[in-house]
Asker: 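Sharing a structure below in structure tokens format, with a few things to ask.
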Amino acid sequence: MEVLTPQMMAKCDRETIDSGYPEILLMEAAAYGVARIAVEILKKEFEFKAKAELKLTFLVGKGNNGGDGLAAARILKNWGYQPEIIFSTEAEKLKGVNSKNYELASLNQVKYYHFSDLKEAQFLSKIENSDLIIDALLGTGIKGELRGNIKNIINLINQKRQSKPLTLAVDIPSGVIGENGRIAGEALNADYTVTMAAYKRGLLLYPGRDYCGQIKVVSIGIQPETIEKNSDSLKAFKQQEAVRLKPDRINNGHKGSFGKVAVLAGSRGMTGAPLLSTKAALRSGSGLVYLLTAEEIEAQTSVQLEEVVGIPLVSKKGMVSANSFPQILQFSKKVDLLAAGPGLGRSSEISDLMEKILKELELPLILDADAINAIKNLELLKKYKGELILTPHPGEMSALTGISIEEINNNRIEVARDFAEEHGVNLILKGAATITAAPDGRAYINTSGCNGMATAGSGDVLTGIVSALKAQKMSCFEAAALAVYLHGRAGEIAAAKTSNYALIASDIIDNLPQVWQSLE
């Protein structure tokens with residue numbers, strides 16, 4: 001599903017209206033979606049309460065977001081609920097379709113108040129006694145800091161309420177900036193968000209994502225072709241994408257049919273990383289996995305995983321030596337791809353080895369961790385004869401680009417896309433809201449994962465998953481995006497069993513089978 005900026009969404013709205021679709025019908029469709037989701041929440045959370053007993057409070061601003069809220073309040077009133085409205089501005093100052101929906105809500109006898117007429121205690125009482133707050137104060141288009149009554153409303157709710165009622169945000173929680181997920185000083189923390197037609201960037205990027213709760217996307221009559229036309233090829237990767245992209249398994253296949261992966265990894269003191277990567281590759285469908293590692297540790301690592309074939313390489317001081325390149329070059333002719341980096345260590349030998357690999361190999365290459373740290377000349381990426389996938393975290397990305405970690409995290413989409421396009425690589429920019437970018441501008445924001453995955457070895461597991469998928473004849477971009485999603489889902493399942501505190505990288509591998517079963 002496409003992920004839009006507020007400007008892109010505004011173009012979709014305008015083109016739809018200009019084509020003859022009345023604006024008030026667009027708003028009615030949005031309001032119906034809000035009302036429907038509100039009812040789903042109420043039935044789930046308050047199954048023993050009658051409609052008339054439920055207290056619904058709409059917080060309504062002067063923009064179209066407020067218009068959606070007004071229409072949704074009127075629909076819910078007609079369905080037998082008893083919503084109340086608190087305006088952040090004077091209702092009489094509303095214009096256009098927002099004014100019309102105020103008139104219709106009034107005709108349907110929806111009760112309303114003006115925030116400026118309520119004493120602080122009265123306002124907080126209404127909030128605290130509500131079963132569901134519907135936040136329709138601000139939409140996705142805000143850019144600066146909150147001010148006026150809206151700032152006061154949000155501050156009161158965030159700082160002075162004694163209890164937290166359920167909150168449903170309309171399109172985006174008020175105070176979250178739709179362009180980039182930043183916070184306009186303060187923001188309402190929603191349990192649910194119902195957004196119109198497509199995801200907005202601010203819903204999926206942090207810190208905004210933390211304010212959104214469960215996100216529901218509702219159709220409002222804007223055609224998919226209009227959304228696609230006005231998007232920039234950024235999509236959210238969800239379960240349906242994973243089902244669509246998973247590689248096929250032919251019934252008469254053999255181990256060579258499902259990909260032969262070589263993993264160049266490990267050094268003295270870093271024997272866990274190659275084990276995690278190779279085991280993850282096996283758990284992700286690869287038929288054959290070879291571990292190319294320093295001769296001092298080959299026996300120690302290979303004995304711990306019977307299914308992996310160990311290949312000892314010439315080494316120096318416990319690390320793979322640049323003199324091992326002829327072995328690697330010869331072995332590369334036997335496999336479908338080479339994944340390099342986990343636990344390799346840092347040395348001039350590793351840098352020299354990676355330079356030779358980038359200059360002379362031609363098979364698909366996945367670079368992670370120390371393989372990325374070893375790159376001293378980015379021109380080698382552009383000139384590489386085969387396909388490339390890089391999997392940096394923000395620190396590694398900062399070392400590659402010279403851009404600060406803070407700037408990278410504040411501009412994850414643009415940084416990932418620009419690097420992928422400039423250097424002709426497929427890039428996984430890891431971290432909260434992982435971005436997968438292709439050289440042609442396509443990109444995914446991942447929707448899976450949890451904070452328990454911020455643990456040593458998690459990236460090594462991802463390298464193994466990517467390797468297995470690419471070896472099963474997937475495109476680099478799709479293999480990378482699917483791997484990130486599977487990795488995140490396995491982490492979510494593991495955290496549900498062990499907690500985010502107790503999760504370790506091997507738990508992610510152990511729960512990959514359940515993720516694969518869910519895609520059947």
Asker: Side chains of Asn180 and Asn410 only: does a donor on one sit below 3.5 Å from an acceptor on the other?
Answerer: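 The answer is no; no qualifying pair exists.
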Asker: Are Tyr211 and Ile183 close enough that some pair of their side-chain heavy atoms sits under 4.5 Å apart?
Answerer: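 They are in side-chain contact.
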Asker: For atom NZ of Lys49, decide whether the heavy atoms of other residues, nucleotides or ligands shown that lie under 6.0 angstrom number more than 12.
Answerer: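 Correct, the count exceeds 12.
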Asker: Less than 4.5 Å apart, any side-chain heavy atom of Arg161 and any of Lys164?
Answerer: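 Yes - at least one pair of side-chain heavy atoms lies under 4.5 Å apart.
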Asker: Rounded at 0.5 Å granularity, tell me how far CG in Asp13 sits from CG in Asn230.
Answerer: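 Here the rounded value is 10.0 Å.
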Asker: Which atom names give the shortest non-hydrogen contact between Cys450 and Ala495, and what distance separates them?
Answerer: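 What the structure gives for the nearest pair is SG-CB, 3.8 Å.
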Asker: Arg417 and Ser233: side-chain contact (heavy atoms from CB on, under 4.5 Å), yes or no, with the steps?
Answerer: CA-CA 11 Å; Arg417 276 179 153 167; Ser233 299; 4.2 Å; yes
Asker: Does any part of the side chain of Leu400, heavy atoms only, come nearer than 4.5 Å to the side chain of Ile372, both counted from C-beta?
Answerer: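 SC-SC contact between Ile372 and Leu400 confirmed.
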Asker: With side-chain contact (heavy atoms from CB on, under 4.5 Å) as the test, would you mind laying out the steps for Arg412 and Met397 before giving the verdict?
Answerer: CA-CA 10 Å; Arg412 296 178 62 78; Met397 195 70 188; over 6 Å; no
Asker: Could you give the distance from CZ (Arg489) to OG (Ser448), rounded to the nearest 0.5 Å?
Answerer: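 The CZ atom of Arg489 sits 7.5 Å away from the OG atom of Ser448.
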Asker: Which residue is it: Leu390, Ile403, Leu429? I am looking for the one with a side-chain contact (heavy atoms from CB on, under 4.5 Å) to Phe419.
Answerer: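 The single option meeting the side-chain contact (heavy atoms from CB on, under 4.5 Å) with Phe419 is Leu390.
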Asker: Under 3.5 Å, side chain of Arg249 to main-chain N/O of Gly285, donor-acceptor pair present?
Answerer: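 The answer is yes, because a donor-acceptor pair under 3.5 Å joins these two groups.
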Asker: In Å, rounded to the nearest 0.5 Å, how long is the span from CD1 of Ile153 to CG of Asp135?
Answerer: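 Answer rounded to 0.5 Å: 9.5 Å.
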Asker: Salt-bridge test for Lys470 and Glu387: reply yes if a basic N is under 4.0 Å from a carboxylate O, no otherwise.
Answerer: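 A salt bridge links Lys470 with Glu387.
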Asker: For Glu186 and Gln159, which I'm curious about, is there any donor-acceptor pair between the side chains at under 3.5 Å?
Answerer: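 Yes, a side-chain donor-acceptor pair sits under 3.5 Å.
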Asker: Quick one: does any side-chain atom of Lys160 pair with a main-chain N or O of Leu124 as donor and acceptor, under 3.5 Å?
Answerer: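 Absent.
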Asker: Is the distance between the ring centroids of Tyr485 and Trp516 under 6.0 Å?
Answerer: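 That pair fails the under 6.0 Å test.
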Asker: List the steps, then state whether ring pair (Phe, Tyr, Trp, His ring centres under 6.0 Å) holds for Phe58 with Tyr112.
Answerer: CA-CA 9 Å; Phe58 280 76; Tyr112 68 88; over 10 Å; no
Asker: Output yes when Lys229 and Glu15 qualify as a salt bridge under the 4.0 Å nitrogen-oxygen rule, no when they do not.
Answerer: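 A salt bridge links Lys229 with Glu15.
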Asker: May I ask you to test the Val218-Met196 pair for a side-chain heavy-atom distance under 4.5 Å?
Answerer: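 SC-SC contact between Val218 and Met196 confirmed.
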Asker: How long is the straight-line distance from NZ of Lys11 back to CD of Gln7, given to the nearest 0.5 Å?
Answerer: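 Separation between the atoms: 8.5 Å.
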Asker: Taking the side chain as everything from C-beta on, heavy atoms only, tell me whether Thr140 gets closer than 4.5 Å to Ile177.
Answerer: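 SC-SC contact between Thr140 and Ile177 ruled out.
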Asker: Check the pair Gln122 / Tyr113 against side-chain hydrogen bond (donor to acceptor under 3.5 Å, both in side chains), numbers first and verdict last.
Answerer: CA-CA 11 Å; Gln122 289 177 298; Tyr113 305 87; over 6 Å; no
Asker: Less than 4.0 angstrom from a charged side-chain N to a carboxylate O is my criterion; do Arg36 and Glu40 meet it?
Answerer: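 A salt bridge is present here (some side-chain N lies under 4.0 Å from a carboxylate O).
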Asker: Is there a donor-acceptor contact under 3.5 Å from the side chain of Glu396 to the main chain of His393?
Answerer: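 Yes, Glu396 side chain to His393 backbone: donor-acceptor pair under 3.5 Å.
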Asker: Carefully, step by step, assess Asp368 and Thr463 under the rule side-chain hydrogen bond (donor to acceptor under 3.5 Å, both in side chains).
Answerer: CA-CA 7 Å; Asp368 178 38; Thr463 297; 2.8 Å; yes
Asker: Are Asp232 and Arg201 within salt-bridge range, i.e. N to O under 4.0 Å?
Answerer: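 Salt bridge flag = yes for Arg201 with Asp232.
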Asker: Do Pro247 and Leu469 have side chains that approach each other closer than 4.5 Å (heavy atoms only, starting at C-beta)?
Answerer: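 A side-chain contact under 4.5 Å exists here.
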Asker: Under a 3.5 Å threshold, yes or no: a donor from one side chain and an acceptor from the other, between Lys238 and Tyr199?
Answerer: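 Yes, Tyr199 and Lys238 have a side-chain donor paired with an acceptor closer than 3.5 Å.
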Asker: Can a donor-acceptor pair be found, under 3.5 Å and without considering hydrogens, that links the side chain of Lys111 to the backbone of Ile85?
Answerer: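 No, Lys111 side chain to Ile85 backbone: no donor-acceptor pair under 3.5 Å.
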Asker: Evaluate the criterion side-chain contact (heavy atoms from CB on, under 4.5 Å) for residue pair Ser458 and Ile508; output intermediate values, then yes/no.
Answerer: CA-CA 8 Å; Ser458 181; Ile508 301 172; 3.7 Å; yes
Asker: Would you check, one step at a time, whether the test side-chain contact (heavy atoms from CB on, under 4.5 Å) holds for Leu42 with Leu166?
Answerer: CA-CA 9 Å; Leu42 293 169; Leu166 284 171; over 6 Å; no
Asker: Does Glu179 pair with Lys143 as a salt bridge, N-O distance under 4.0 Å?
Answerer: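 Salt bridge between Glu179 and Lys143, a charged N being under 4.0 Å from a carboxylate O: no.
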Asker: Lys497 vs Asn511, test: side-chain hydrogen bond (donor to acceptor under 3.5 Å, both in side chains). Steps then yes/no.
Answerer: CA-CA 10 Å; Lys497 296 175 180 178; Asn511 285 282; 2.6 Å; yes
Asker: Tell me if a side-chain donor or acceptor on Ser130 pairs with a main-chain N or O of Ile133 at a distance below 3.5 Å.
Answerer: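 Not confirmed, Ser130 side chain does not pair with Ile133 backbone.
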Asker: Which atom pair, heavy atoms only, marks the closest approach of Gly491 to Met453?
Answerer: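 Heavy atoms of Gly491 and Met453 come nearest at CA-SD, 3.7 Å.
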Asker: Considering all heavy atoms of both residues, which atom of Ala281 and which atom of Ala468 are nearest to each other, and what is their separation?
Answerer: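 Scanning both residues, the minimum pair turns out to be O-CB, 3.3 Å.
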Asker: Please round to the nearest 0.5 Å and tell me the distance separating atom OG1 of Thr167 and atom CG of Asp191.
Answerer: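 Atom-to-atom, Thr167:OG1 and Asp191:CG are 5.5 Å apart.
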Asker: Thinking salt bridges, do Glu84 and Lys126 make one under a 4.0 Å N-O criterion?
Answerer: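 A salt bridge links Glu84 with Lys126.
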Asker: Taking the side chain as everything from C-beta on, heavy atoms only, tell me whether Leu512 gets closer than 4.5 Å to Ser284.
Answerer: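 Answer yes - side chains close enough.
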Asker: Please give me the minimum heavy-atom distance between Leu138 and Asn65, naming the atom from each residue.
Answerer: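 Shortest heavy-atom contact: O-OD1, 3.2 Å.
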Asker: Would you say the rings of Phe87 and Phe115 are close, in the sense that their centroids are separated by under 6.0 Å?
Answerer: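 Centroid distance Phe115-Phe87: not below 6.0 Å, so no.
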Asker: So, for Ala420 and Leu427, which heavy atoms are closest and what is the spacing to 0.1 Å?
Answerer: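 Nearest heavy atoms, Ala420 then Leu427: CB-CB, 4.3 Å.
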Asker: What pair of heavy atoms forms the shortest contact from Cys12 to Thr226, and how long is it?
Answerer: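 That closest heavy-atom pairing would be SG-O, 3.7 Å.
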Asker: Thinking salt bridges, do Lys279 and Asp460 make one under a 4.0 Å N-O criterion?
Answerer: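 A salt bridge is absent here (no side-chain N lies under 4.0 Å from a carboxylate O).
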Asker: Do any N or O atoms from the side chain of Ser231 and from the backbone of Glu228 form a donor-acceptor pair under 3.5 angstrom?
Answerer: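 A pair under 3.5 Å: yes.
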Asker: Between the main-chain N or O of Cys212 and the side-chain N or O of Thr193, is there a donor-acceptor pair closer than 3.5 Å?
Answerer: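 Checking the backbone N and O of Cys212 against the side chain of Thr193, a donor-acceptor pair under 3.5 Å is found.
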Asker: Between Ser398 and Pro394 (side chain of the first, backbone of the second, donor and acceptor by atom type, cut-off under 3.5 Å), is there such a pair?
Answerer: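 No, Ser398 side chain to Pro394 backbone: no donor-acceptor pair under 3.5 Å.
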Asker: Check this for me: does any side-chain nitrogen of one of Arg244 and Glu241 sit under 4.0 Å from a carboxylate oxygen of the other?
Answerer: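 Looking at Arg244 and Glu241, the cut-off is met.
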Asker: Judged by modelled atom types alone, do Thr434 and His487 share a side-chain donor-acceptor pair under 3.5 Å?
Answerer: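 Result is no, nothing qualifies.
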Asker: Answer yes or no: is there an ion pair linking Glu103 with Lys100, defined by an N-O contact shorter than 4.0 Å?
Answerer: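 Answer for the salt bridge query: yes.
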Asker: Is there side-chain contact between Met474 and Leu245, with heavy atoms separated by less than 4.5 Å?
Answerer: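 Answer yes - side chains close enough.
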Asker: Do Arg74 and Glu28 sit within salt-bridge range, that is, some charged N less than 4.0 Å from a carboxylate O?
Answerer: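 A salt bridge is present here (some side-chain N lies under 4.0 Å from a carboxylate O).
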Asker: So, Thr5 versus Lys200: side-chain donor-acceptor pair below 3.5 Å or not?
Answerer: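 Per modelled atom types, Thr5 and Lys200 side chains form no pair under 3.5 Å.
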Asker: Between CG of Asn108 and CG of Leu76, what distance do you get to the nearest 0.5 Å?
Answerer: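 Between Asn108 CG and Leu76 CG, I get 11.5 Å after rounding to 0.5 Å.
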